Amino acid sequence: MQDISTTLKGRIGSEPMMKHVKGDVCVTTFRLAITRWRFVSDVRTGNASYVEDGAYWYTVETWDTLASNVFRSCRKGDPRSEERFSRNA
């Protein structure tokens, strides 16, 4: 079995919300916006560049100690990188 990680870089799009489940277990969730870019070229002038084209939105959920740290240190608008792990069977 392998661990696969993915890193998402973007801005926090909502205030982190923390809740307690099953006693002392904390869960913090927030939205993460990642700017979508597209390539545009003008055939007449020969100019080409990347322009912003909206955003991809993700809901990030953190647990336990990480959830407490995220809730205390992250605010809407902050730039962040999120690393997600999944198992490949």
Side-chain angles (χ1 to χ4, degrees):
M1 220 183 300
Q2 288 181 311
D3 285 338
I4 299 172
S5 69
T6 302
T7 302
L8 303 174
K9 294 182 180 183
R11 291 201 173 266
I12 296 177
S14 67
E15 288 297 333
M17 295 188 314
M18 185 170 65
K19 62 183 176 183
H20 293 275
V21 294
K22 297 183 183 176
D24 291 348
V25 179
C26 296
V27 179
T28 299
T29 59
F30 61 91
R31 300 281 287 158
L32 184 71
I34 300 172
T35 304
R36 182 172 42 212
W37 295 88
R38 65 181 167 91
F39 187 75
V40 176
S41 61
D42 187 339
V43 177
R44 290 177 281 140
T45 63
N47 293 334
S49 64
Y50 286 93
V51 295
E52 289 186 29
D53 189 27
Y56 295 107
W57 286 92
Y58 296 91
T59 300
V60 178
E61 185 175 273
T62 60
W63 288 76
D64 296 328
T65 304
L66 179 59
S68 297
N69 292 339
V70 165
F71 185 73
R72 285 195 317 265
S73 63
C74 296
R75 295 291 167 251
K76 182 177 179 180
D78 288 350
R80 293 288 178 219
S81 294
E82 298 304 322
E83 198 163 321
R84 295 177 180 232
F85 294 94
S86 62
R87 284 239 150 139
N88 189 6

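Please read these numbers as outputs of a predicted model, since none were measured by experiment. One-based numbering along the sequence shown.
- Here the closest non-hydrogen pair linking Arg72 and Arg75 is O-NH2, 3.9 Å.
- Here SG of Cys74 is found 10.0 Å from CD of Glu15. Values are rounded to the nearest 0.5 Å.
- If you chain together ILVMFWY residues whose side-chain heavy atoms come under 4.5 Å of each other, Val25 ends up grouped with Val21, Val27, Trp63.
- Here the side chain of Thr28 pairs no donor or acceptor atom with the backbone of Thr62 at under 3.5 angstrom.
- Expressed to the nearest 0.5 Å, how far CZ of Arg31 lies from OH of Tyr58 amounts to 10.5 Å.
- In terms of heavy atoms, Cys26 sits closest to His20 at SG-CE1, 3.2 Å.
- Rounding to the nearest 0.5 angstrom, the gap separating the CG atom in Leu32 from the NZ atom in Lys9 is 12.0 Å.
- Note on Phe71: it does not cluster hydrophobically with Phe30, by side-chain heavy-atom contacts below 4.5 Å among ILVMFWY residues.
- Without hydrogens or angle criteria, Asp64 side chain to Leu66 main chain gives no donor-acceptor distance under 3.5 Å.
- More than 12 heavy atoms of other residues, nucleotides or ligands shown are found within 6.0 angstrom of CG on Asp42.
- Between Ser14 and Lys76, every side-chain heavy-atom pair lies at or beyond the 4.5 Å cut-off.
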Solution key, residues 33-41 side-chain donor-acceptor pairs under 3.5 Å, sequence neighbours excluded:
from: Arg36; atom 1: NE; to: Asp53; atom 2: O; distance (Å): 2.6
from: Arg36; atom 1: NH2; to: Asp53; atom 2: O; distance (Å): 3.1

